[in-house]
Amino acid sequence: MSALFKFIRWRAKYTRLEVIGSLILISLFINIFSINRLFQCSSSVTTVSSELKTLEIHLNTKPTSTIERSKKALENLKILLNSVLSANDQPWIWSPSAQYPSVPYQPTSLLNQKIPKAINAKSIAPQVVQDEINRVCRRLTSVNSTGGQIWCQLFTKCYADTLATTASLLDDNTTYIITGDIDLMWLRDSSAQVHQYMTLSHDKDIQRIIEGLIRRQTQFIFANPYGSSFRLTLRANPPSDDSLQPVHVQKGRNMRVAMHNYELDSLCYFLRLSYTWWKQTQRTDAFDRQWLLAVSIIVQVMIVEQHHSEISPYRYTELGNSYQGSRVSYTGMTWSAFRPSDDQTKFGYLIPSNMMAAVVLKQVTEMIKTIFPDQTELVKQIDQLHADILSGIHTYGVVQHATYGKIYAYETDGFSSPLLLDDANVPSLLSGAYLGFKTTYDPNDQILASTRKFVLSTDNSLFFQGEYASGIGSHHTQAQYVWPMAIIMEGFTNHSQANLDSVWKRLEASHAGTFAMHESFDVNNPKQFTRTWFAWVNSLFAELVLAHLDKLENWLNYRR
């Protein structure tokens with residue numbers, strides 16, 4: 001009987017263990033099933049999540065020096081870019097050769113490409129855009145019928161230009177925006193071209209347009225994070241650079257990548273667009289794991305380019321020193337091959353672009369902490385990069401000028417070779433305040449203020465003045481031509497009545513009867529200008545009008 005009771009107790013204990021074990025197995029199955037369901041949205045999202053997890057592991061490996069951080073970032077970059085290759089893509093080429101001297105380069109097969117198609121007519125301006133135009137025009141014409149009508153025409157054309165002439169909704173839920181008379185999409189230009197529509201973010205059509213643009217930019221960054229301008233496909237009657245002859249392939253161009261010239265600000269503009277839209281709307285539809293992967297790629301590129309001369313694989317046939325560009329020393333800043341004007345940098349570390357990078361890195365950190373709180377190691381990496389860049393700007397980018405005191409240089413190479421000037425294209429030194437640049441190294445913005453005085457004087461070799469206007473020009477255009485873009489930046493960075501009155505007067509003179517802004521114009525003859533169709537500057541003009549509409553009305557009413 002005792003043996004029977006022992007057997008019953010043992011059997012009951014064994015049964016309880018069976019039940020507990022079964023419950024554990026069921027729980028594990030439910031959790032695994034839930035996780036699989038979570039990531040079954042698409043195979044690409046699963047791949048992205050896997051690669052981001054791999055990246056997180058790599059980031060946990062603590063480098064011992066700045067150069068080790070850059071080496072590790074290059075390893076991460078290769079992993080991430082490999083993860084976004086499509087079935088028709090070829091492996092990335094990382095080492096230059098006679099056939100591919102510009103690297104990294106990702107050849108794209110011309111076969112079996114899925115090309116997104118436009119689903120709209122040329123103009124996609126929604127009613128809310130016309131409503132805003134009507135509102136502004138009523139205010140301007142009510143204070144001055146003649147002058148107000150001129151500014152109504154200016155605002156109407158410039159405000160609507162991006163959506164009326166340059167934007168296409170695509171059937172893959174993305175938006176393609178060309179820069180105007182050049183039938184290509186720049187990351188920089190397309191971002192700036194929609195900035196004036198942020199106040200219309202409640203509109204469903206605007207949401208589709210801007211979120212579609214963020215998705216399209218994400219895809220282009222996957223195609224080549226070192227690229228600055230892109231296309232959907234080779235065009236039917238292409239210009240010479242669209243034919244992909246060997247000379248163009250050697251420059252790193254392929255079916256998607258129109259220009260392989262690396263411009264740091266291009267990546268910054270993607271982050272700025274993302275953050276501005278998120279802060280304006282709190283919408284997260286466009287900020288999925290694909291977007292996070294693009295951000296991770298951008299961060300790795302910036303860290304690699306902190307040690308450009310020692311670590312970077314980037315080569316481009318237009319650069320000297322075996323296609324690498326002039327040698328630079330480590331400063332903490334991140335290197336750029338080209339300026340936002342598309343002109344080559346002289347000394348590599350472009351201070352305005354690093355200012356913009358510092359701003360957007362802080363912004364994207366806020367986004368990631370909120371939307372992706374699990375990405376702690378990526379946030380640490382960004383924080384370190386942000387601190388490095390600010391330190392580099394302060395240590396190597398500030399010079400003592402005999403007339404203006406401490407000012408920011410335009411470029412440096414880390415070997416005490418500062419370039420003192422400012423170019424009209426944004427980011428510029430003049431646009432620092434507009435972009436939100438602040439640093440504890442200059443808590444009262446005194447260096448920014450002194451720099452502004454310098455760049456708006458004849459001590460800046462690109463500052464010109466004449467009968468009709470004064471302002472900043474560019475090496476990209478001829479001497480004595482100033483850029484409305486820079487005049488607009490004067491308005492954004494000094495809100496005094498006297499300054500804005502001068503800005504309104506010069507901008508009105510610049511349109512020369514076209515009722516649009518131009519790339520540049522002759523200070524002594526505004527009818528001599530470059531680029532009749534330049535959507536970026538039109539958008540900036542409209543943004544300035546909206547920002548200072550009260551002061552524009554006041555000028556039209558009393559002082560025009």
Side-chain angles (χ1 to χ4, degrees), residues 125 129 154-168 175-198 209-210 213-214 216-217 220 227-231 258-259 261 263-273 276-277 338-343 352-353 356 360 423-428 430-431 434-435 471-477 481-493 503 507 510-511 514-521 529-547:
V129 171
L154 277 166
F155 181 77
T156 297
K157 188 164 186 177
C158 291
Y159 186 70
D161 189 38
T162 286
L163 299 184
T165 69
T166 70
S168 298
T175 308
Y176 182 71
I177 297 179
I178 62 173
T179 191
D181 53 6
I182 305 175
D183 188 18
L184 299 170
M185 176 169 150
W186 268 259
L187 296 178
R188 168 185 56 252
D189 293 44
S190 61
S191 296
Q193 283 169 238
V194 299
H195 207 70
Q196 75 274 27
Y197 304 128
M198 289 292 167
I209 291 163
I210 295 181
L213 176 61
I214 293 169
R216 173 48 44 198
Q217 289 187 350
F220 282 151
S228 60
S229 70
F230 301 84
R231 55 192 164 219
M259 294 182 70
N261 51 338
E263 299 167 359
L264 169 61
D265 69 281
S266 293
L267 300 179
C268 293
Y269 268 101
F270 169 76
L271 300 180
R272 178 178 184 253
L273 172 64
T276 306
W277 182 250
F338 289 81
R339 303 168 181 170
S341 62
D342 296 330
D343 296 323
S353 290
M356 189 177 188
V360 298
D423 186 280
N425 285 261
V426 179
S428 59
L430 178 62
S431 68
Y434 165 75
L435 294 171
I472 300 174
S474 174
H475 289 131
H476 203 67
T477 50
Y481 274 55
V482 299
W483 289 49
M485 183 178 298
I487 297 174
I488 291 166
M489 282 301 120
E490 288 187 53
F492 273 123
T493 54
V503 167
L507 291 176
S510 77
H511 78 86
T514 66
F515 294 98
M517 295 293 104
H518 305 124
E519 180 186 55
S520 68
F521 67 97
F529 56 80
T530 60
R531 298 188 69 176
T532 58
W533 182 19
F534 188 26
W536 177 14
V537 70
N538 284 336
S539 293
L540 281 174
F541 172 84
E543 185 183 340
L544 180 69
V545 169
L546 290 172

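The chain is numbered in sequence order, starting from 1. Fair warning: this is a prediction, and the values are worked out from it, not measured in the lab.
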Could you verify whether a donor N or O on one side chain and an acceptor N or O on the other, from Gln196 and Ser539, lie under 3.5 Å apart?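 On atom types as modelled, these side chains qualify, holding a pair under 3.5 Å.
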
Distance-only donor-acceptor check, side chains His475 and Arg339, under 3.5 Å
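Per modelled atom types, His475 and Arg339 side chains form a pair under 3.5 Å.
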
* **Stepwise side-chain contact (heavy atoms from CB on, under 4.5 Å) test for Phe230 and Gln217** => CA-CA 9 Å; Phe230 301 84; Gln217 289 187 350; over 6 Å; no

Please give me the minimum heavy-atom distance between [X] and [Y], naming the atom from each residue.
| X | Y | value |
| --- | --- | --- |
| Cys268 | Val360 | O-CG1, 3.6 Å |
| Asn261 | Ser228 | OD1-OG, 2.8 Å |
| Trp186 | Ser190 | O-OG, 2.7 Å |
| Leu184 | Ser229 | CD1-OG, 4.1 Å |
| Thr179 | Gln193 | CA-OE1, 3.6 Å |
| Thr514 | His518 | OG1-NE2, 3.0 Å |

Can you tell if the side chain of [X] reaches within under 4.5 Å of the side chain of [Y], non-hydrogen atoms only?
| X | Y | answer |
| --- | --- | --- |
| Ser510 | Met517 | yes |
| Asp189 | Ile182 | no |
| Leu213 | Met185 | yes |
| Trp536 | Thr166 | no |
| Phe338 | Asp343 | no |
| Ile210 | Thr175 | no |
| Ser191 | Arg272 | no |
| Pro340 | Val426 | no |

When rounded to the nearest 0.5 angstrom, what distance separates [atom1] in [X] from [atom2] in [Y]?
| X | Y | atom1 | atom2 | value |
| --- | --- | --- | --- | --- |
| Tyr434 | Leu544 | OH | CG | 9.5 Å |
| Ile178 | Thr162 | CD1 | OG1 | 10.0 Å |
| Arg231 | Met259 | CZ | CE | 10.5 Å |
| Ile177 | Ile209 | CD1 | CD1 | 7.5 Å |

**Item:** Candidate pair Asp342 and Arg188, rule side-chain contact (heavy atoms from CB on, under 4.5 Å), full reasoning
**Value:** CA-CA 11 Å; Asp342 296 330; Arg188 168 185 56 252; 3.3 Å; yes

side-chain contact (heavy atoms from CB on, under 4.5 Å) between Tyr197 and Tyr159, intermediate numbers included: CA-CA 9 Å; Tyr197 304 128; Tyr159 186 70; 3.9 Å; yes

**Item:** For Thr477, side-chain contact (heavy atoms from CB on, under 4.5 Å) partners two or more places apart
**Value:**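 Thr477 satisfies side-chain contact (heavy atoms from CB on, under 4.5 Å) with Ser474, Tyr481, Trp483, Glu519, Ser520, Thr530 only.
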
Next on the checklist: Strictly distance-based, threshold 3.5 Å: is any side-chain N or O of His476 a donor or acceptor partner for the main-chain N or O of Ser341?
Outcome noted: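 Side chain of His476 to backbone of Ser341: a pair is present.
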
Geometric cation-pi criterion Arg216 and Phe220, 6.0 Å radius, 45° cone:
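Arg216 over Phe220 ring: yes.
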
